[in-house]
Amino acid sequence: MSTLTIDSLVAAITTPGGREVHDPATEALIGTVADSTPAEVAAAIAAARAAQPSWAARSDDERRTLLHQAADAIEANAEALAELLSREQGKPLNGPNARFEVGGCAAWLRATAETPVPTEVLVDDGTTHAELHYRPIGVVGAITPWNWPMLIAVWQIAPSLRMGNTVVNKPSEYTTLSGLALIHVLNTVLPAGVLVPVTGAGDVGAAITASADVDKIMFTGSTKTGKKIVETTASNLPRITLELGGNDAGIVLPDADPKAIAEGLFWGAFINTGQTCAAMKRLYVHDSIYDEVVDALAAFAANVPMGVGLDEQNVLGPLQNKMQYGVVDRLVEAAKASGARVVLGGDPDTSKPGNFYPTTIVADIDPQNPLVVEEQFGPALPVIRYHDVEDAIAQANALEVGLGGSVWSADRDRAREVAARIQAGTVWINSHGGVDPRIPFGGVKGSGYGLEFGVEGLKGVAVPQVVNG
Ligand code: ADP
């Protein structure tokens, strides 16, 4: 298997004269990329439609083998993929970042290939024999965001392909090259038409969701766009999985050990420099250990290096784009103006190039402050003091969204009691945000519906069919 260099990878996916793509850490030009015209979007969907019957006609074993070969191709090109991802998204090579994300793509392809989807015998009583099968849906429109541009694409693509569907994938306009690079490598293995990229912004996404030739939408992005997709799809009724934004709460119970949990709290909130759907975005800490938790967290956070992603020592990077930098800056300024205490960070150095916002921890903040109730999606964590756990649970549940949540305690049973009362698709105990290809993942309330990963994720990109008789 041939190994691409970063230069040959960029050359394969860029279009001369297209829109410029800049590194969010250095502002250097990485390459140029063209957006798809409406005719190109229609052609991509038609190609996926044409390829689907023969892809579905292959055996499950053949498709599983191809997913493993796709994982081999990712591994063979991992360093070039990670370097491009780091340069375009901003996330460092090291830490739970670019190399980790590329490794996750291969791991998810393999796990998706290895997850059994057995036919379910529903009734077998001598007179009735009814079975539940999972059949291909057709063409999947996969619309992906800019925070984990390769891994989230694999989360949508791998199960769709496994279940006999073909895929049209639109990467985020902010991370088009990362999306195209992933598809380029996967397509060194996959048959033509099975996985087709299109490029562009929301209008191109809307063209996919409005197409009568798309049978299923897999979408990861904002709640606002998720609602638009539901409206756009009303006339054709494709099936939809929506993994939308969150504003995950962590609740630290009075019996937790502040020093022991500091590192887990940090990565739960600051992984990918806070640009993760299921990151901890507001932390509620009991008054009896509040100061110790804030101090331990700030002491850990102060020593975590942030900088240019290609510099091997860094594990935090810039914000991916100026729009998100503006959100984080506005919310931290609102917190400061309210009199909240900035324990760490909060003072970006605007003389440096790049979208760097320093690791920021804000204490003694009002529970209704915008930094608490709006999703910051960046490296700024509000820590809210509570006296009664009932109040913390009520505040955790008070928002429109419900993706993840966490409870931190030395008493697992007590933590599980609190977890059961949090309105979220996943509640972690003494950690936050870890995902696993064997474990289903999805949101409740405004964080969307449908599950990804595990056998539930595979069923979500198939149509159930009962065979009775
Ligand atoms: P974010 O604010 O995090 O960028 P978005 O929901 O805007 O989240 O974007 C996620 C993905 O959805 C991107 O690929 C984007 O281009 C796409 N998108 C934006 N608007 C629409 C739309 N109306 N229909 C379909 N896709 C869209």
Side-chain angles (χ1 to χ4, degrees), residues 19 21 24 33-38 40-42 44-45 88-91 139-157 167-180 182-183 196-214 216-236 238-248 272-279 281 319-328 330-331 355 374-378 400-401 403 443 446-449 452:
R19 137 175 91 78
V21 178
V33 69
D35 290 337
S36 303
T37 62
E40 286 167 339
V41 177
I45 295 170
E88 186 187 47
Q89 204 285 336
K91 62 182 69 193
V139 175
V140 174
I143 300 176
T144 42
W146 50 259
N147 56 342
W148 293 86
M150 293 186 183
L151 189 55
I152 291 177
V154 166
W155 290 352
Q156 301 186 357
I157 293 166
V167 177
V168 175
N169 175 220
K170 191 196 83 63
S172 167
E173 59 274 32
Y174 291 110
T175 49
T176 308
L177 295 179
S178 299
L180 291 180
L182 173 82
I183 293 173
V196 189
V198 294
T199 53
D203 55 327
V204 176
I208 295 173
T209 61
S211 169
D213 263 329
V214 173
K216 164 89 193 185
I217 304 294
M218 294 290 288
F219 174 73
T220 302
S222 63
T223 301
K224 190 169 144 232
T225 304
K227 288 179 179 174
K228 279 193 202 155
I229 288 175
V230 172
E231 282 173 22
T232 312
T233 52
S235 53
N236 295 318
R239 286 156 186 269
I240 320 177
T241 296
L242 296 175
E243 203 268 80
L244 307 179
N247 193 346
D248 291 9
N272 201 26
T273 316
Q275 302 162 106
T276 297
C277 306
K281 298 188 176 117
L319 287 156
Q320 200 280 327
N321 54 71
K322 292 257 181 282
M323 179 264 302
Q324 202 58 44
Y325 181 98
V327 171
V328 175
R330 170 176 65 80
L331 292 175
N355 307 331
E374 288 181 39
E375 185 186 25
Q376 70 279 46
F377 215 72
E400 183 201 3
V401 284
L403 190 56
S447 292
Y449 45 73
E452 297 186 86

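Counting from 1, the numbers follow the sequence of the chain as shown. Start at 1 and go down the list; that is how both ligands and their atoms are numbered.
Looking only at atom types and distance, the side chain of Ser178 has a donor-acceptor partner in the side chain of Glu88 under 3.5 Å away. For the 3.5 Å distance criterion, the side chains of Lys170 and Thr176 fail to qualify, holding no donor opposite an acceptor. If you check the side chains of Thr144 and Asn169, you find a donor sitting under 3.5 Å from an acceptor. A donor-acceptor pair shorter than 3.5 Å cannot be found between the side chains of Thr241 and Glu452.
Of the protein's non-hydrogen atoms, Ser222 N, 3.7 Å is the one closest to atom 8 (O) of ligand 1. Shortest contact from atom 19 (C) of ligand 1 to any protein heavy atom: Gly202 CA, 3.5 Å. Protein heavy atom closest to atom 27 (C) of ligand 1, with residue, atom name and distance, is Thr225 CG2, 3.5 Å. Of all protein heavy atoms, the one lying nearest to atom 17 (C) of ligand 1 is Ile143 CG2, 3.7 Å. Protein heavy atom at the shortest distance from atom 24 (N) of ligand 1 is Ala206 N, 3.5 Å.
For ligand 1, the atoms sitting less than 4.0 Å from at least one non-hydrogen atom of Phe219 are 6 (O), 10 (C), 11 (C), 12 (O), numbered in the order shown with element in parentheses. Each of the atoms 13 (C), 15 (C), 16 (O) of ligand 1 lies under 4.0 Å from some heavy atom of Glu173. Within ligand 1, the atoms closer than 4.0 Å to a non-hydrogen atom of Gly205 are 24 (N), 25 (C), 26 (N), numbered from 1 in the order shown. Numbered from 1 in the order shown, with element, the atoms of ligand 1 that lie under 4.0 Å from a heavy atom of Thr144 read 11 (C), 13 (C), 14 (O).
With hydrogens and angles disregarded, no donor-acceptor distance shorter than 3.5 Å links the side chain of Ser36 to the backbone of Val198. Looking at Thr233, its side chain does come within 3.5 Å of a backbone N or O of Val230 through a donor-acceptor pair. The main-chain N or O of Trp146 is never found under 3.5 Å from a side-chain atom of Gln320 such that the two would form a donor-acceptor pair.
Where the criterion is an N or O separation shorter than 3.5 Å, residue side chain and backbone included, Tyr174 fails it with respect to ligand 1. Considering backbone and side-chain atoms alike, Trp146 places an N or O below 3.5 Å from some N or O of ligand 1.
With salt bridges taken as basic N to acidic carboxylate O contacts below 4.0 Å, none links Glu374 and Lys281.
Looking at Lys224, Lys170, Lys228, it is Lys228 that brings a heavy atom closest to atom 23 (N) of ligand 1.
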